[in-house]
Each structure stands twice: as structure tokens, then as C-alpha cells.
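Comments concern the structure below.
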Protein chains: 2
Amino acid sequence: MFCGKFSSTGYDDLELLSHSLHEIGGSDGVSRDGLLLSSLTERVGGKNENCEAKALAALKNHSEAERRRRERINGHLATLRGLVPSTHQKMDRATLLAKVISQVKELKNHAMEASKGFLIPMETDEVKVEPYDTKLGYGCMSYMATICCDYQPEILSDLKKTLDALQLQLVKSEMSTLESRMKNVFVFTCCKGHNNSVNVEACQSIANVVHKALGSVLEKASMSMEFALRTSYPNKRRRIC
Amino acid sequence: MFCGKFSSTGYDDLELLSHSLHEIGGSDGVSRDGLLLSSLTERVGGKNENCEAKALAALKNHSEAERRRRERINGHLATLRGLVPSTHQKMDRATLLAKVISQVKELKNHAMEASKGFLIPMETDEVKVEPYDTKLGYGCMSYMATICCDYQPEILSDLKKTLDALQLQLVKSEMSTLESRMKNVFVFTCCKGHNNSVNVEACQSIANVVHKALGSVLEKASMSMEFALRTSYPNKRRRIC
DNA sequence: TAAGACACGTGAGGC
DNA sequence: TGCCTCACGTGTCTT
């Protein structure tokens, strides 16, 4: 074994090292630790003593550095475990990483959708809930819900209450009013359950519930509008333009 | 060594195994592989032959399974390397994971912001660009830009053109008009450059550019509004309500 | 040279 | 028992 040009400083932690090596040694009686130690002890007192000590110290440093590296990586993995939605924390490393990958892709899709353009309210009243993004994949499907009707001040709070009550996982929510009309579009997702597969029926039923809820918001609005028109004004007013 | 109650099927891949062991053996002449093989060959012909063979085969299986596991994990890591924004693919495993963590948190914040509520246009004209989310961290800062003014049909296309031209990384874009007023709010981010640190000056200059651009949109709008008022109508019209 | 990163084979422990 | 996952120390290559 070649030791190189060390400036031998004289310190000697051989004993300590051999002790720790014994401690961490395997249960096998003829392990290589034994080999190392014998080849070490038979030279004690020789001119290679420092050399061997250095090598051993280097080995110790090496394994400790490796341990630190492992700890760093595992720390990050633990953080990721906390970031992915999971039923329980028992997940093997590969599965965790796969989940992280799908999560990142999913979120990126959401971000893309969230930065899409404007919307213009049309003349006809409308409530619809339809599948929005089929290319999402990764056990996630999204719906776009639209409500378009005459603008009334109280409809906003009605709508907000309804959405809050449904506890949807919103991706985007856009509202615009134009002339006397308003249109609100929001996108929500139904992501996979804990069995990792999309529960299509559940999603569809959620979509139906949303549709119903929006329908009653619209109905309430048009009823109060009708009432207002009947009692006070002969015609629906529009902004003069 | 204890072998247990194997049903010895008679096959013998000892030769193959020892060959592969030599192949993967370290450069050290007295490695434990040598040890294993000697303790193996000296018993050839004994009643423990099958036992040893089994043990060796199990060891081989084990190491191969471990290799497959490593490959699986590394495959996922490679996928993640492709998902994080990076200048070059040379990245530490720990660094990669750290980046993934920040990316996930970042995207989650975006998703949260994207699902936030409504906005109401006020009476006074306004253009502002201000830091939006300071808790983002992870080398990412976001700005919220607002423009609020009288509604005019052409302002929407002006605004859209302006935003497209600036090529901002939009998080959220909300527009609402109420009475004759409109308000548009959008959130955009300036994420870290390739040196992993936020270029604060660059972000600020982008914010300034956005502010300027919105300012000219507003100016154009108010000028055309003024013109319309002067030429056609004595008073600004509002929807009667 | 030393320090860091990765792949490897292996022992331990959980079903 | 076998199979699987993880932690460990080490060899090797790169900077």
C-alpha cells in the first residue's frame, strides 16, 4: 500500500478507530474488518504505522461523509413525504418519487390553466359544467363550470357562499361583468383518491351537484330580477350605450 | 452456516456465479470475494455443496434485486431532473431534491393564489404594480399588477396585447367590470435565474416595465373616453341602478 | 492531494 | 421461508 507524502503530525487514533471498527463490524467472524485489522496490527511499530493510520482515518472520514450525504438526501425525501398528499407516511422511496413526479406535472398543468385568458358574458343565460382538461392524466380530471346571467349585486355573495359550501378544489376562478350581464367561470379538479385511481362516478356526481347549485343560484337571481321588473319597472334596464 | 430445509433440485450454477463474482470483484487482490470463493471451493464435493450454492444464488438474487431497485429510483430521479427548470442536467441528487421541493411549494402557492376570490372595481382610476407574495421564498418573487378604469370595449384587447407582448409568467388573471368601471388584476412571478438566486434588479425592472405599459393603456383609454365625452355627451354615463 | 458524488454488494428487519 | 426496502461502508471517478 502506498501512503504518499503525508506530513506526519504524530497523532494516533488507531485504537479508537479499531474499536469503532469492531463496533460497526458485521456478525460474520471472518469479515474483511478482521482482515484489515490483522494486516494493520502485524505492522504496528513499523515505519508504515502513520501511513496505515492515515489510511484508516481517511476511510473513517469517507464513511462519515457518505453518512452525511445520506442524511442530507433522506432529509429532503422526508420533506417531500410531507408535501405529497398521502393517506399515511409509510411509502417506499420509489413510490414517493413517482408521486412527486405526478404531483409536479399536475400542478404545472394547473398553473398553465390558471394563466389562461379572459371571458366575455353573452346575452343568454347559461349554466354548464363540463369536463375541462382531458390531457391532465395522472389520475386527475378537471371540470369547467360556467354561470352567465344578468348581473345583480347579491349574486356574487350567493355564488361565493355556494362555492365555499361545496369545498371544491378550485384551479381558476374568473368573473366578469359586461353591460348588465355577468359571467363567472371556474375550474375545479377531482383528483385521485387514496386508491390511486380516478373515481369517475364520484367526479361526475360532484359535477352534477355543482350544476344543480349553480342552477339554483341562477334561478334565484332570475326570480328576483323578474320580481324587480314586475314591481318597479316596465322594462329590463340596460346600460345606455 | 445454516442452510435450512431446501428441496435440492440438483442444478448447479456455481461456475457461473464464481465467474460473475470475479468480474465484479474490486481491484484489491485480497478482497473478500477471494475469501468467499476459497471457503467455497475447499468444500466442493461435500454435503454442503448445494447449501453453499443456494446461499450464493440467494446473494446474487439479492444484489440483482437491489440493482433493480436502484435503477427504479434513479429512473424517477432522472424524470424529476427533466421536470425542474435547470440550465444543465448536471445536478447533485440532494440539490435536485431541494429544487423539487421548492418547485412543489412554489406551484402549490400558485394554485392557492389562483383559487382566490373576486375583485371589485373602485371609483378612482388606478394603475399599480406591487410585490404580491413575500412568503413565496425559494428564489421566487411575485408581483400583483392592477389596472382600474372606466370600461371601454377596446381596452380588453389593448390589455391582452400588452400582456402577451410582455411575455409574463402569469399566475392569475382576473377581470371584472361593474357599472361602467372595470378592474383587471393579474399576478406574475419572477423566478430565479440560472445562478439560483433571485435577480432582484431584473424583477424590479420588469415590474417597472409592466407599470409603464399599463399606464399607457390607461392613458389611451382615458384619452379616448375624454374625446368621446367632449364630442358626443355632456356627462359621463352610468348605468341607472 | 483531498473532498464529494455515485454505484455497488451486503446485513438487518418487516411482511 | 423468500422477497423487498433501507442503511451502511467501500471502491471508483471527478473536481
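Below, chains carry the letters A, B, ... as their sequence lines are ordered, and counting in each starts from 1. Reckoned from all heavy atoms, side chains included, excluding hydrogens, waters and symmetry mates. Everything numeric here is computed off the predicted structure, so don't read it as measured data.
- Heavy-atom distances under 4.0 Å link DNA chain C to A:H62, A:E66, A:R69, A:R72 of residues 61-73 of chain A, given in residue order.
- Distance A:L56 CG to C:dA2 P: 15 Å, rounded to the nearest Å.
- The salt bridge (charged side-chain N to carboxylate O under 4.0 Å, His left out) search around B:K128 returns B:E126, B:E130, not counting sequence neighbours.
- Between B:R93 atom CZ and D:dA7 atom P the separation is 12 Å, expressed in whole Å.
- At whole-Å resolution of the value, NZ in A:K90 and P in C:dG14 are 10 Å apart.
- Straight-line distance from the CG atom of A:D92 to the P atom of C:dG14: 17 Å, rounded to whole Å.
- Distances shorter than 4.0 Å separate none of the side-chain N or O atoms of B:N74 from OP1 or OP2 on C:dC6.
- Residue A:K54 contributes atom NZ, which lies 12 Å from atom C1' of C:dT1 at whole-angstrom precision.
- Legend: residues meeting side-chain contact (heavy atoms from CB on, under 4.5 Å) with B:N208, ordered by chain and number and at least two apart, are B:Q204.
- A:R70 is linked by a salt bridge (charged side-chain N to carboxylate O under 4.0 Å, His left out) to nothing, counting only residues two or more places apart in sequence or in another chain.
- With sequence neighbours excluded, the residues that form a salt bridge (charged side-chain N to carboxylate O under 4.0 Å, His left out) with B:D158 are B:K220.
- In this structure B:R69 satisfies the salt bridge (charged side-chain N to carboxylate O under 4.0 Å, His left out) test together with B:E66, sequence neighbours excluded.
- Spacing between atom CG of B:L77 and atom P of C:dA7 amounts to 9 Å, rounded to whole angstrom units.
- B:H76 places no side-chain N or O within 3.5 Å of a backbone atom of A:L97 that could act as its donor or acceptor partner.
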